[in-house]
Amino acid sequence: MKFAEIYERLFDEFGEQHWWPGETEFEVIVGAILTQQASWKNVEAAIKNLKKNKVLDERIIYNIELKKLEELVKPSGFYRIKAKRLKNFVNFLFEKYDGSLEKLFKLEKNELRKVLLSVNGIGKETADSIVLYAANKPSFVIDAYTIRIFTRLGVLKEKEYDKVKAAFENSLPQDVQLYKEYHALIVHLGKNICKTKPLCGMCPLKGMCEYAAVNNNHTKEKSKRNEKRFK
DNA sequence: ACCCAGGTGGCCC
DNA sequence: GGGCCACATGGG
């Protein structure tokens, strides 16, 4: 019930987010893998390297030497493991779908999600990002911001990925464009406003946000981290 | 000198 | 099923 209202507020405040920035389906997939726990700025640098060297292509990544690929994706961080993950994906694509994204994307969305999850290095968020932003099928993407923000809002009790995903999908029409925009707006809010401190005065969700609860959560999270760090 | 970023898998209990 | 950890670059 609240999910639609929050979307409206975010959209009114921030407008179209123009996600995903990738030019091709494959570029979206590469971006989805490289952006794991990395800033998009760093991912852009890595993708730029791939483009400059004309490597941003399924078959070329399939054939390229791992060491070479590692060098190119280095700016995105975790570069050895991410190079391996890109290889894992294209290996999967060529061995099971003749290297054809078109064939892969013919799968029904839940089936597509399932096979993507079978690739080592593609977890739930990456799989959903690929289903939604590359294959254009309505699979709501959940990330750390989504769980943090909606828990603080009191809209969510559950923090488990699949349950959170179901909560969004059961409250919204199955609309690819809406799912794309909503996730992008949540990330925008998380990055710019709800990051380290709840700036409720500037937040488009003011009035829905329990300020005290938010503050308490922050304090708890901080002290828990500090406790760990100083031990 | 910290902290954080559009996570994931492996290992342990 | 949950808690920890490694993975690594670039920016605040």
Side-chain angles (χ1 to χ4, degrees), chain A residues 7 10 14 16-22 27-50 66-67 69-89 91-92 113-134 139-151 157-165 168 179-199 217-231:
Chain A
Y7 174 78
L10 292 176
F14 299 131
E16 291 264 357
Q17 297 298 300
H18 305 291
W19 270 32
W20 197 287
E27 182 176 338
V28 172
I29 294 168
V30 170
I33 291 171
L34 294 184
T35 200
Q36 294 167 354
Q37 197 64 20
S39 69
W40 185 254
K41 254 289 189 296
N42 288 355
V43 176
E44 276 182 326
I47 289 179
K48 200 171 153 192
N49 281 343
L50 295 172
L66 182 60
K67 289 290 171 202
L69 187 57
E70 288 179 356
E71 290 311 308
L72 296 174
V73 302
K74 190 168 270 186
S76 73
F78 298 158
Y79 65 94
R80 279 186 278 261
I81 201 153
K82 282 179 182 173
K84 191 71 175 55
R85 286 174 180 176
L86 292 175
K87 281 285 195 182
N88 290 344
F89 174 76
N91 288 345
F92 153 85
R113 183 176 198 261
K114 202 168 106 189
V115 299
L116 288 170
L117 286 173
S118 75
V119 179
N120 186 295
I122 297 184
K124 288 172 178 174
E125 180 177 346
T126 307
D128 285 328
S129 298
I130 293 171
V131 175
L132 182 61
Y133 292 100
S139 194
F140 205 93
V141 179
I142 306 301
D143 70 338
Y145 290 130
T146 310
I147 295 177
R148 200 182 313 157
I149 293 169
F150 282 77
T151 304
K157 281 164 259 164
E158 290 286 354
K159 294 194 177 189
E160 198 194 323
Y161 190 103
D162 290 327
K163 291 187 177 166
V164 174
K165 177 183 172 68
F168 276 86
Y179 283 15
K180 285 184 176 182
E181 208 57 50
Y182 204 161
H183 174 63
L185 285 164
I186 290 169
V187 172
H188 182 81
L189 176 69
K191 279 208 255 208
N192 293 284
I193 297 186
C194 280
K195 192 174 171 186
T196 53
K197 237 189 350 191
L199 303 175
N217 280 344
H218 275 286
T219 310
K220 275 185 206 153
E221 288 166 14
K222 279 284 180 198
S223 59
K224 194 179 166 191
R225 276 207 297 274
N226 287 337
E227 193 182 329
K228 186 176 152 192
R229 188 174 314 126
F230 295 137
K231 196 158 55 178

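Basis for what follows: all heavy atoms, side chains included, without hydrogens, waters or symmetry-related copies. Chain A is the first sequence line, chain B the second, and so forth, proteins listed ahead of strands; every chain is numbered from 1.
Taking A/Phe14 as the reference, A/His188 meet the ring pair (Phe, Tyr, Trp, His ring centres under 6.0 Å) condition, with sequence neighbours excluded. Residues satisfying the ring pair (Phe, Tyr, Trp, His ring centres under 6.0 Å) test with A/Trp20, not counting sequence neighbours, are A/Trp40, A/Tyr133. For A/Phe150, the ring pair (Phe, Tyr, Trp, His ring centres under 6.0 Å) partners at least two apart in sequence or on another chain are A/Phe3, A/Phe168.
As a whole-Å value, the separation of A/Tyr79 OH from C/dA6 P is 17 Å. The distance between atom NZ of A/Lys84 and atom C1' of B/dG7, rounded to the nearest whole Å, is 17 Å. In this structure, A/Arg80 atom CZ and C/dC7 atom C1' are separated by 9 Å, rounded to whole Å. The interatomic distance linking A/Gln36 (CD) with C/dA8 (C1') rounds to 13 Å, in whole Å. The interatomic distance linking A/Arg148 (CZ) with B/dG7 (C1') rounds to 13 Å, in whole Å.
Here A/Trp19 packs flat against the base of B/dG6; its ring centre is closer than 5.5 angstrom to the base's six-membered ring, tilted by less than 30 degrees.
Within 6.0 Å of NZ on A/Lys84 lie no more than 12 heavy atoms contributed by other residues, nucleotides or ligands.
Distance from the side chain of A/Thr35 is smallest for B/dG6 among the nucleotides C/dA8, B/dG6, B/dG9.
Sorted by residue number, the members of residues 38-46 of chain A with any non-hydrogen atom under 4.0 Å from DNA chain B read A/Ala38, A/Ser39, A/Trp40.
Here A/Lys191 reaches the OP1 or OP2 of B/dG6: one of its side-chain N or O atoms lies under 4.0 Å away. For B/dG7, the OP1/OP2 oxygens have a side-chain nitrogen or oxygen of A/Gln37 closer than 4.0 Å. Close to B/dT8, at under 4.0 Å from its OP1 or OP2, lies a side-chain N or O of A/Thr126.
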Quick test: give all pairs of protein nitrogen or oxygen and nucleotides 1-3 of chain C nitrogen or oxygen below 3.5 Å, distance rounded to 0.1 Å.
none

Is there any protein nitrogen or oxygen under 3.5 Å from a nitrogen or oxygen in nucleotides 10-13 of chain B, and what are the pairs?
unit_1 : atom_1 : unit_2   : atom_2 : d
B/dG10 : OP1    : A/Asn120 : ND2    : 3.1

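Under the 6.0 Å distance and 45° angle rule, A/Lys74 counts as a cation-pi partner of A/Tyr79.
The shortest distance between side-chain heavy atoms of A/Pro75 and A/Asn49 falls below 4.5 Å.
Checking side-chain atoms of A/Thr146 against main-chain N and O of A/Ile142 turns up no donor-acceptor pair under 3.5 Å.
Put simply, CD1 on A/Ile81 and CD on A/Glu70 are 10.5 Å apart, with the number rounded to the nearest 0.5 Å.
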